[in-house]
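This structure is a prediction, so every number in the text was calculated from the model and none was measured.
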Amino acid sequence: MGRGLGILLLAISGLLGWIACRPARIVYIGLVAPFEGRDRAIGYDVIFGARLAVRAWNAAHPQGPFVMLVALDDQGDPALAQERARQIASHPGLMAVIGHFRPATTKAAAPIYRAAGIPLIAPLLPADRIPEGALPTAPDQRMMVEALLQALPPEGERSLWIARDEEEQWFGPELAGLLRERGWVVREAHWEEASPQGKEPVLFDGRAVHAAEAARRWRREGWQGPLWGGPGLLHPDSRLLQNAGEVWIVAETRSMEDREWVEAYRAIALGATPGPYAPLGYDLVWVLMQMQTRAAFQWEGKTGTWKWEQGKLRKDPAWFLERGSWLPH
């Protein structure tokens, strides 16, 4: 796929020929993500998953409606995310936008979509942390906390650290309160100032590259506890965590093990292996198209069973708790 900031219209081969033969409605889905910069791997992972969904949907619905993808690059920058939101919101026939795959860019762009009346699907962000007007697809912070606590033995010390990163935060200040409600002693600090001891768990809320740097230092200083993380540790930089000891990640998606699907992905991604963003991008294209054509549905996707009814979207399982052995290479 070529680079640049221009609009990319992605559809299955031969779609234009089909349209010439039989008039059918075309639905446009927007995708805004980083395709350049330090987070570019996120954009390319998700867009090939979305492209695969476009092909599959159009092949399964020869009478239409057909779907086409409109993709823009925000480079993971909040100011550019706002500009891209204004650009894509002006596209004729745009049904919805999937984006922006980072907390800061999603928050910056959401008011523009809301003002334009364009639905924004905000993947990965905890449901109670998404901007006003956006549609969540992930569980809330309380459910994520409950998931992470499952990674601990039933008995042991009940103190932990929350290490925060000013560059990227997926959780809110209420996270510490949720843990204290469960009887935990919680210490909070910037990741460069945190100093966990013994087997204390550390919940790292930030960039994977910083989590890796911090974990290596803490291990050298004798720390033996598990490292917890949310969607921020899905980033391809999480490969740096492979030698960081015990790592647990909770998110609404995971790496795909369906071999047939993986091979189909690799065929359109120039041989690249799908990461955890790819199946989520695939599912959300299908979900959006079904939301347009059906008042309610239950559909088995690659990341779980999606249900849409009475204007609410949910998925089962709502989250995956994965040990660090699956971290990308």
#### Entry: Cluster link Trp248 to Val186, ILVMFWY, side chain under 4.5 Å
yes
### Task
With side chain to side chain contact (heavy atoms under 4.5 Å, CB included) as the test, would you mind laying out the steps for Ile98 and Leu288 before giving the verdict?
CA-CA 9 Å; Ile98 303 170; Leu288 279 171; 3.7 Å; yes
### Query
Just wondering, do Ile88 and Val32 contact through their side chains at under 4.5 Å, heavy atoms?
yes
### Query
Within the distance-only criterion (no hydrogens, no angle test), does the side chain of Asp45 pair as donor or acceptor with the backbone N or O of Tyr277 below 3.5 angstrom?
yes
#### Entry: Main-chain N/O of Gly206 paired with Trp170 side-chain donor or acceptor, under 3.5 Å
no
### Query
When you look at CD of Glu257, are more than 12 heavy atoms from neighbouring residues, nucleotides or ligands closer to it than 6.0 Å?
no
### Task
Might you work through the side chain to side chain donor-acceptor pair (under 3.5 Å) test for Trp191 and Glu193, ending with a clear yes or no?
CA-CA 5 Å; Trp191 66 274; Glu193 299 171 353; over 6 Å; no
#### Entry: Exam field: side chain Asp165 to backbone Arg207, donor-acceptor pair closer than 3.5 Å
yes
### Task
Output yes when a side-chain donor or acceptor of Arg158 lies under 3.5 Å from a complementary backbone atom of Trp184, and no otherwise.
no
### Message
Tell me if the CD atom of Glu181 is crowded by more than 12 foreign heavy atoms within 6.0 Å.
### Response
yes
### Message
For Pro276, is there any backbone N or O sitting under 3.5 Å from a side-chain donor or acceptor partner on Thr253?
### Response
yes
### Task
Return yes if some donor-acceptor pair links the side-chain N/O of Thr293 with the main-chain N/O of Met289 below 3.5 Å, else return no.
yes
### Task
Could you tell me how the ring of Phe48 sits relative to the ring of Tyr265: parallel (under 30°), tilted (30 to 60°) or perpendicular (over 60°)?
perpendicular
#### Entry: Electrostatic pair Arg187:Glu200 at N-O distance under 4.0 angstrom
yes
Which donor-acceptor pairs under 3.5 Å do the side chains of residues 129-139 make with protein atoms, sequence neighbours left out?
| residue | atom | partner | partner atom | Å |
| --- | --- | --- | --- | --- |
| Arg129 | NH2 | Phe171 | O | 3.4 |
| Thr137 | OG1 | Glu252 | OE1 | 3.0 |
| Thr137 | OG1 | Glu252 | OE2 | 2.8 |

### Message
Check this for me: does any side-chain nitrogen of one of Arg239 and Asp237 sit under 4.0 Å from a carboxylate oxygen of the other?
### Response
yes
### Query
For the residue pair Leu321 and Ala147, what are the closest heavy atoms and their distance?
CD2-O, 3.1 Å
### Query
Can you check ring-ring contact (aromatic ring centres under 6.0 Å, His included) on His61 and Phe66, steps first, answer last?
CA-CA 7 Å; His61 299 83; Phe66 298 127; 9.1 Å; no
### Query
What do the steps show when you test Arg254 against Thr303 for side chain to side chain donor-acceptor pair (under 3.5 Å), and what is the final call?
CA-CA 7 Å; Arg254 61 179 176 178; Thr303 63; over 6 Å; no
### Task
Apply the test side chain to side chain contact (heavy atoms under 4.5 Å, CB included) to residues Trp228 and Val202: give CA-CA distance (whole Å), side-chain angles for both, the deciding distance (0.1 Å), then the verdict.
CA-CA 6 Å; Trp228 293 348; Val202 176; over 6 Å; no
#### Entry: Residue Arg114 excluded, over 12 heavy atoms near CZ under 6.0 Å
yes
### Task
State plainly whether the residues Glu168 and Arg38 are in salt-bridge range, i.e. N to O under 4.0 Å.
no
### Summary
side chain to side chain contact (heavy atoms under 4.5 Å, CB included) filter on Arg86, not counting sequence neighbours, yields Gln82, Glu83, Ile112
#### Entry: Shortest non-hydrogen separation from Gly230 to Ile249 and the atoms involved
O-CG2, 3.7 Å
### Summary
Taking every heavy atom of Ala89 against every heavy atom of Ala116, the minimum-distance pair comes out as CB-CB, 4.0 Å
#### Entry: Val262 reachable from Trp286 in the ILVMFWY side-chain graph, under 4.5 Å edges
yes
### Message
Measuring only between side-chain heavy atoms, which start at C-beta, is Val54 closer than 4.5 Å to Leu52?
### Response
no
### Steps toward salt bridge (charged side-chain N to carboxylate O under 4.0 Å, His left out) verdict (Glu221, Arg217)
CA-CA 6 Å; Glu221 295 172 353; Arg217 174 171 62 83; 3.6 Å; yes
### Task
Check the side chains of Asp205 and Gln169 for a donor-acceptor pair under 3.5 angstrom, ignoring hydrogens and angles.
no
### Flag, side chain of Asp140 to backbone of Ala127, donor-acceptor distance under 3.5 Å
no
### Query
Would you say Lys107 has more than 12 foreign heavy atoms packed within less than 6.0 Å of its NZ?
no
### Task
Please determine if Asp316 and Lys307 form a salt bridge, counting it only when a charged side-chain N lies under 4.0 Å from a carboxylate O.
no
### Task
Anything under 30° is parallel, anything over 60° is perpendicular, the rest tilted; go ahead and classify Trp261 against Tyr282.
perpendicular
### Task
For the pair Arg182 (side chain) and Val145 (backbone), establish whether a donor and an acceptor sit closer than 3.5 Å, ignoring hydrogens and angles.
no
### Task
Report the residue from Glu166, Arg164, His210 that forms a side chain to side chain contact (heavy atoms under 4.5 Å, CB included) with His190.
Glu166
#### Entry: Donor-acceptor contact below 3.5 Å, side chain Asp283 vs main chain Gly301
no
